[in-house]
Amino acid sequence: MLRTHTCGELRMKNVTETVTISGWVQGVRDKGSLLWIDLRDRYGITQITIETENAAKEIIEAARTLGREYVISVTGKVAERYSKSDKIATGDIEIYPDNITILNAALTPPFTIEDETDGGDDIRMKYRYLDLRRNPVRKNLELRHRMAIETRNYLDSLNFLEVETPVLIKSTPEGARDFVVPSRMNQGEFYALPQSPQTFKQLLMIGGFDRYYQIVKCFRDEDLRADRQPEFTQIDCEMAFVEQEDILQTFEGLVCHLFKTVKGIDIPALTRMTYADAMKFYGNDKPDIRFEMKFVELNSVVKGKDFKVFNDAQLVVGICAKGAAEYSRKQLDELTEYVKRPQIGATGLVYARYNADGTIKSSVDKFYNEEDLKKWAQTFDAKPGDLMLILAGETNKTRKALSELRLEMGTRLGLRDKNTFACHWVIDFPLLEWSEETSRFHAMHHPFTSPKPEDIELIDSAPGEVRANAYDMVINGVEVGGGSIRIFNKQLQSRMFDLLGFTKEEAQAQFGFLMNAFEFGAPPHGGLAFGFDRLCSLFGGAEVIRDFIAFPKNNSGRDVMIDSPSPIAQAQLDELGIGVKKP
RNA sequence: GGAUCGGUAGUUCAGCUGGUUAGAAUGCUGCCCUGUCACGGCAGAGGUCGCGGGUUCGAGUCCCGUCCGGUCCGCCA
């Protein structure tokens, strides 16, 4: 070993010991006759002190050649400091070196290796190995490690087995685009990388592994976001002989365990909300319930006056922002601009201030008198000091826009503290979703999700109204996990593919292996998967998942450090039997 | 596929309505400094203003195109 101790562990009790520590030079402070080196590793920083009057020439010379991020090994005696520092854990001691060995010189790094670095995202990603030396990134990865360990502890204690599933699998047209891998031995044919191990975990259930989990990489070739990477990690789980309630209880338990062991927080039992209510009261299937500000529908209150916008609207709906009546004209204009941005897409915003003196002033006073506005306030349950914000239009669009406005107001009013955690389940998702683009139904969750038995009779008459045994876990407005009770019967699965527009032949070709397996004794089963990266970033108080992944990709799906993706040699292409079309 | 913000010293940024030699901080180099710990002081080096074209007497600044990066919409069973 090139060290006896780490840079973070020496204390007063080690004084007079001779030790060897190794690490990176954080900085050198040369005061002429006194010279200090801060030596850093994963565990902390230890100060090396050289008194040039007493120290050996070689040591002084070695110290004066050091630059930032040189890798060195120092042997010397631990001493109590003459002037101590309370800023670092080793601040009471320092080392007087008998020997300094330069293990490797270093170029000056392009950005500072400090908590508050001066490096932008771009340059940090290009030199990610330097970025990883910084405390915040290291702590994020330590958190991720702790989350994985505690996940395994919890699931292992409940008899879950971690089983690996293949990464080279088969492409299917449903869902996200697949990443695809050409097969050299089977020219013209391709593997796909899994979007999730869905069918394999179901086959494991049929194989008798009644409790499975896997912390597993999944791949989706879709456009990226701050919370979306092309390769990402799931905590993938499945259980046999269970009903929805069992799954909810088991995995609510996992999240409670993680909060308790990783963050030291006791969270209350998760509340549940139906998909229908989530849409009606929050305009969103993953509502942030750290704050109320529920939607209030106003159709019956506002219609019938001369205000055409409201009269023509399919839905008039608003929120009541507590204590925001003092908002200035400028702030209200900002909000109006906000909802009119193309990404939000509202055509305008109506507001009404319930002033502290009891009067109500609205942006549509031309059409509504004080008495009308009082009725609005009653419907909103607004109090003096509140601000009512109202949008109108086509139901789905209006809900979506108001949902954005609600989140914006929540942020502006400081109701979305990242250290407060509101966890809940959204349940009773629809089984199917109509796609205008393809003029057919798509599976809302995935094609293996079972309909609710009580809705099954609607499957022919009104497929869009069938509810599924599907559920999402939502924390602070982030969908951290989701799953369903699966179909385990060949006829029902076949009917499902039917509804999704598969021919019998297509269904058999793509999912025949699963439907055949259903005929050999498939137990009732269900499960869910958590987005591990998102869960980690949420625990770490961040919205961007990149810094919870050691080597992430950028917005364009590129790894700027290794510069991938990249072209491959013609010989490789030939071997694979692949020609590349020039754009 | 679309919207939007950005690209100026190694790095993070400023640079107004177009106008002399493009600035600051930090980092880097050299010298000085006996208790620093974001050490301090003095001096110095460091620029294809992303790239291409255009407007103009004159472009970092205005216009068009393009590349790169961020955020969002679409997309993500």
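Since the model is a prediction, treat every value here as computed from it, not as a measurement. Naming convention: chains lettered A, B, ... in sequence-line order (proteins, then strands); numbering from 1 in each chain.
- Neither OP1 nor OP2 of B:rA38 sits under 4.0 Å from any side-chain N or O of A:R29.
- For B:rG69, the OP1/OP2 oxygens have a side-chain nitrogen or oxygen of A:S556 closer than 4.0 Å.
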Given A:T112 and A:R68, is the side-chain contact (heavy atoms from CB on, under 4.5 Å) satisfied, shown in steps? CA-CA 9 Å; A:T112 57; A:R68 285 159 53 206; 3.8 Å; yes
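- Between A:F513 and A:F511, the ring-plane angle classifies as tilted under the 30° and 60° cut-offs.
- Taking atom C1' on both B:rG15 and B:rG60, the two are 8 Å apart, rounded to the nearest angstrom.
- Distances shorter than 4.0 Å separate none of the side-chain N or O atoms of A:R225 from OP1 or OP2 on B:rG70.
- Rounded to a whole angstrom, the distance from the P atom of B:rU55 to that of B:rU17 is 24 Å.
- Backbone-only engagement by A:P342 is indicated by non-hydrogen atom pairs under 4.0 Å involving sugar-phosphate atoms exclusively.
- In the interface, the side chain of A:R81 is paired with the base of B:rC37 through a donor and an acceptor atom under 3.5 Å apart.
- Taking the charged nitrogens against the carboxylate oxygens, A:R412 and A:E408 do have a contact shorter than 4.0 Å, which makes a salt bridge.
- Here the side chain of A:N140 pairs a donor or acceptor atom with the backbone of A:D547 at under 3.5 angstrom.
- In this entry B:rU11 has B:rA25 as its Watson-Crick or G-U wobble partner, both defining distances falling under 3.5 Å.
- Of the C1' atoms belonging to B:rG54 and B:rG23, the separation is 29 Å, rounded to the nearest Å.
- Between B:rC33 and B:rC42, the two P atoms lie 16 Å apart (nearest whole Å).
- Counting non-hydrogen atoms under 4.0 angstrom, A:T108 reaches the backbone sugars and phosphates but no base.
- For the OP1/OP2 pair of B:rG69 and a distance below 4.0 Å, the side-chain nitrogens and oxygens of A:N555 include no atom meeting the criterion.
- Separating the CG atom of A:N135 from the P atom of B:rA38 is a distance of 14 Å, rounded to the nearest angstrom.
- Of the candidates B:rC73, B:rU34, B:rC28, the closest approach to any side-chain atom of A:R68 belongs to B:rC28.
- A donor-acceptor contact under 3.5 angstrom links the side-chain atoms of A:R228 to the base of B:rC76.
- At whole-Å resolution of the value, CD in A:E69 and C1' in B:rG27 are 13 Å apart.
- Atom CG of A:D533 and atom C1' of B:rC76 are 14 Å apart (whole Å).
- Phosphate proximity of B:rG74 to A:K400: present, with a side-chain N or O under 4.0 Å from OP1 or OP2.
- A:S85 has no side-chain polar atom (N or O) that falls below the 4.0 Å cut-off from OP1 or OP2 of B:rC37.
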Given the rule in the side-chain hydrogen bond (donor to acceptor under 3.5 Å, both in side chains) test, do A:R138 and A:N135 qualify, once you have shown the distances and angles that lead to the verdict? CA-CA 5 Å; A:R138 198 197 66 239; A:N135 287 321; 2.6 Å; yes
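- The partner of B:rA3 is B:rU71, by the rule that a Watson-Crick or G-U pair needs both atom distances under 3.5 Å.
- Pairing for B:rG40 is with B:rC32, a Watson-Crick or G-U wobble pair whose two hydrogen-bonding atom distances lie under 3.5 Å.
- With rounding to whole Å, A:D115 atom CG is found 19 Å from B:rU26 atom P.
- Atom-to-atom, CZ of A:F232 to C1' of B:rC76 comes out at 9 Å; the value is rounded to the nearest Å.
- The side chain of A:K87 contributes an N or O atom lying less than 4.0 Å from OP1 or OP2 of B:rA38.
- Separation of the C1' atoms belonging to B:rG50 and B:rG27 is 23 Å when rounded to the nearest angstrom.
- With C1' as the reference atom, B:rC16 and B:rC75 are 42 Å apart, rounded to whole Å.
- Close to B:rU71, at under 4.0 Å from its OP1 or OP2, lies a side-chain N or O of A:R546.
- Atom CD in A:E222 sits roughly 10 Å away from atom P in B:rC75 (whole-Å rounding).
- Rounded to a whole Å, the OH atom of A:Y338 is 10 Å from the C1' atom of B:rC72.
- Below 30°, between 30° and 60°, or above 60°: for A:F429 and A:Y275 the angle between ring planes is between 30° and 60°, a tilted geometry.
- Comparing B:rG40 with B:rA25, their P atoms are spaced 13 Å from each other, to the whole Å.
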